[in-house]
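Here is the structure we will look at.
Lettering of chains follows the sequences in order, A, B, ..., and the numbering in each one begins at 1.
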Number of protein chains: 2
Amino acid sequence: MRMTGRKIMSMDETSSVGGRPAADFRPLYSQVKDLLIDRIGSGSWKPGEMIPSEFQLAAEFGVSQGTVRKALVELEQQKLVVRRQGRGTYVAKHSSQQSLFHFFHIVDEHGNKELPTSVVLDSRMKRATKEEATLLRMQPRASVHAITRLRHLGGRPVILERITLPASSFRDLDVPTGREMTEELYVLYQRHHGVTIIRADERIAAVAADAEDARHLGVGLGTPILEVSRVAVDVQGNPVELRLSRLNTAHHRYFSRII
Amino acid sequence: MRMTGRKIMSMDETSSVGGRPAADFRPLYSQVKDLLIDRIGSGSWKPGEMIPSEFQLAAEFGVSQGTVRKALVELEQQKLVVRRQGRGTYVAKHSSQQSLFHFFHIVDEHGNKELPTSVVLDSRMKRATKEEATLLRMQPRASVHAITRLRHLGGRPVILERITLPASSFRDLDVPTGREMTEELYVLYQRHHGVTIIRADERIAAVAADAEDARHLGVGLGTPILEVSRVAVDVQGNPVELRLSRLNTAHHRYFSRII
DNA sequence: CAGTGGTCTAGACCACTTA
DNA sequence: AAGTGGTCTAGACCACTGA
């Protein structure tokens with residue numbers, strides 16, 4: 001069958017010939033989907049770019065347009081592409097807006113999302129702790145970037161964040177200390193480092209504010225604050241960012257929707 | 001055209017006839033979906049029951065099997081039905097297992113979910129506070145059930161829960177005080193009251209343990225604990241349960257996945 | 001074996017965008 | 001007007017389940 005480099009197996013081909021069932025069978029649309037993810041993940045198609053139409057892809061892969069459509073619809077649900085009737089299908093591009101909408105889950109007392117500011121308190125390279133190396137699936141003591149920043153909401157300091165990034169995936173990371181960040185980090189990851197975050201797992205606990213929390217968040221020592229531990233994952237499913245947030249919930253809440 | 005009671009409008013019929021665009025156009029599959037939701041929500045098909053096959057529904061509604069399929073696939077994604085190849089499509093039935101998996105987001109230090117126990121500390125009727133009435137979209141001071149229960153995980157008391165339910169939707173609610181609950185509440189809601197919870201919004205803050213928290217959770221007064229405020233919503237989209245959980249995060253975490 | 005959902009195809013037509 | 005995705009149809013065949 002068709003294809004360059006990789007082969008799509010039709011159901012007939014994978015079906016048992018000598019009576020042995022094919023264990024590695026995968027639907028066509030799923031194979032198509034993986035090919036498309038490869039091209040997006042590898043940067044063949046860049047964020048914001050339009051990808052070929054359903055018919056073009058169908059012709060290229062030697063499948064029907066409906067099969068390509070099913071793959072594209074799933075990619076849209078995973079937020080890897082954006083589809084617009086009459087315009088085309090585009091590789092998802094993180095904008096500050098979208099990034100906030102998806103990955104920023106702090107709301108004010110009325111349930112509204114505000115725009116946070118971010119000032120970098122510290123930015124340096126260090127060696128990963130054992131736990132960091134495990135979570136990021138790196139060698140122990142591998143090099144990582146360590147960023148500390150303070151985020152304001154409604155004029156108040158609310159979130160103290162410590163971010164850990166593998167140096168290997170984020171070469172020449174440029175996050176100068178003491179400056180206000182105008183851009184969402186996930187936008188930066190995507191544009192400068194080709195890393196697209198598509199998922200994040202968060203674990204939340206209540207802790208007592210320590211001296212540093214107290215100083216930066218303007219709360220008393222021992223005040224109950226939220227600690228949010230995030231592991232963010234890229235298109236290929238690799239954990240690529242750790243984020244430890246200490247959050248003053250005097251005037252804000254962590255929001256979660258269970259569906 | 002086909003149908004009993006309600007009418008499905010094809011695209012032609014809704015299209016402009018006198019040059020006026022049809023503002024109320026809805027795709028066929030979406031109309032089919034609403035009809036199916038009606039039958040599930042109204043109890044015509046009960047939880048656990050098999051519903052007619054795609055071809056039977058297609059014949060009944062006068063649409064193609066593919067159109068019914070699209071509606072059913074969306075209902076499956078919303079967890080309103082369960083589809084099994086070779087068996088059929090079934091109205092989703094909350095089991096304790098599923099209920100825990102979906103709506104219980106507390107994990108232990110290793111990220112594992114444990115089975116909680118629940119002892120009812122108090123169960124009574126009262127009048128809704130202003131806030132409760134607003135959140136449940138009831139008249140001020142309408143009758144509600146108020147349940148307080150304590151949940152253990154791994155032998156430790158971890159969660160103190162206060163649940164508020166509209167008396168109108170939960171007549172003859174049977175939650176005796178002082179007893180261990182063997183059944184998940186959402187299973188009870190569905191089986192005894194025809195209320196299926198499909199979504200929940202949670203807002204989380206860190207607070208200091210008060211005297212009652214301290215007594216029941218076995219922590220010191222003022223210890224930082226999590227406060228989780230949930231509003232749970234039924235099939236029709238109405239808020240039907242409020243749940244205020246106070247959670248000791250010494251050995252557990254609230255877990256949230258952002259996709 | 002019959003009946004169900006799952007995959008795949010081919011083709012028609014509609015709605016929307018852009019030129 | 002051309003090109004895109006969105007809806008809808010009809011039909012074939014596959015994979016799975018249970019009688």
From the set D:dT4, D:dG6, C:dT9, return the single nucleotide nearest to any side-chain atom of A:Arg69.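 The closest nucleotide is D:dG6.
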Between D:dT7, C:dG5, C:dT7, spot the one nearest the side chain of B:Pro27, thanks.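 Within the option list, the nearest is D:dT7.
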Does the side-chain contact (heavy atoms from CB on, under 4.5 Å) test come out yes or no for A:His152 and A:Val158, once each step is laid out? CA-CA 5 Å; A:His152 285 68; A:Val158 177; over 6 Å; no
Within the supplied structure, the quantity of interest is the number of heavy atoms (other residues, nucleotides, ligands) at a distance under 6.0 Å from B:Asn112 CG; does it exceed 12?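 Yes, because the 6.0 Å sphere around CG of B:Asn112 holds more than 12 heavy atoms from other groups.
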Does D:dT7 have OP1 or OP2 under 4.0 Å away from a side-chain N or O of B:Lys70?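 Checking B:Lys70 against D:dT7: at least one side-chain N or O falls below 4.0 Å of OP1 or OP2.
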Indicate, with a heavy-atom threshold strictly under 4.0 Å, whether A:Phe55 touches base, sugar-phosphate, or nothing.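 Counting heavy atoms under 4.0 Å across all strands, no contact is made by A:Phe55.
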Which whole-number value in Å describes the distance from [X] [atom1] to [N] [atom2]?
X: B:Leu75; N: C:dG5; atom1: CG; atom2: C1'; answer: 15 Å
X: B:Glu74; N: C:dG5; atom1: CD; atom2: P; answer: 17 Å
X: B:Met50; N: C:dG5; atom1: CE; atom2: C1'; answer: 10 Å
X: B:Leu28; N: C:dC14; atom1: CG; atom2: P; answer: 13 Å
X: A:Glu54; N: D:dT7; atom1: CD; atom2: C1'; answer: 12 Å

Want to settle it: does B:Glu76 or A:Val68 sit nearer the 5' end of DNA chain C, counting the closest nucleotide to each?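 It is B:Glu76 whose nearest nucleotide is closer to the 5' end.
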Just say parallel, tilted or perpendicular for the rings of A:Tyr254 and B:Tyr254, cut-offs at 30° and 60°.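 Perpendicular.
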Which of parallel (below 30°), tilted (30 to 60°) and perpendicular (above 60°) describes A:Phe170 and A:His193?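 Geometry flag for A:His193 against A:Phe170: tilted rings.
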What N/O pairs connect the protein and nucleotides 10-13 of chain C at under 3.5 Å? Give each pair on its own line.
none

Has A:Lys113 got its NZ or CZ under 6.0 Å from the middle of the six-membered ring of A:Phe104, at an angle within 45 degrees of the ring axis?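 Cation-pi check for A:Lys113 and A:Phe104: fails.
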Check A:Arg253 with A:Asp108, please: is the shortest side-chain N to carboxylate O separation under 4.0 Å?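 Salt bridge absent between A:Asp108 and A:Arg253.
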Using a strict threshold of under 4.0 Å (side-chain N to carboxylate O), is an ion pair present between B:Lys33 and B:Glu76?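 No, this pair does not count.
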Taking the side chain as C-beta and beyond, is there a heavy-atom pair between B:Met181 and B:Val120 under 4.5 Å?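 In contact.
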I need the residues from residues 78-93 of chain A with at least one non-hydrogen atom less than 4.0 Å from DNA chain C; give them sorted by number, or say none.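 Contacts with DNA chain C under 4.0 Å: A:Gln85, A:Gly86, A:Arg87.
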Taking atom CD1 of B:Ile40 and atom OG1 of B:Thr196, what is their separation to the nearest 0.5 Å?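 These two atoms lie 9.0 Å from each other.
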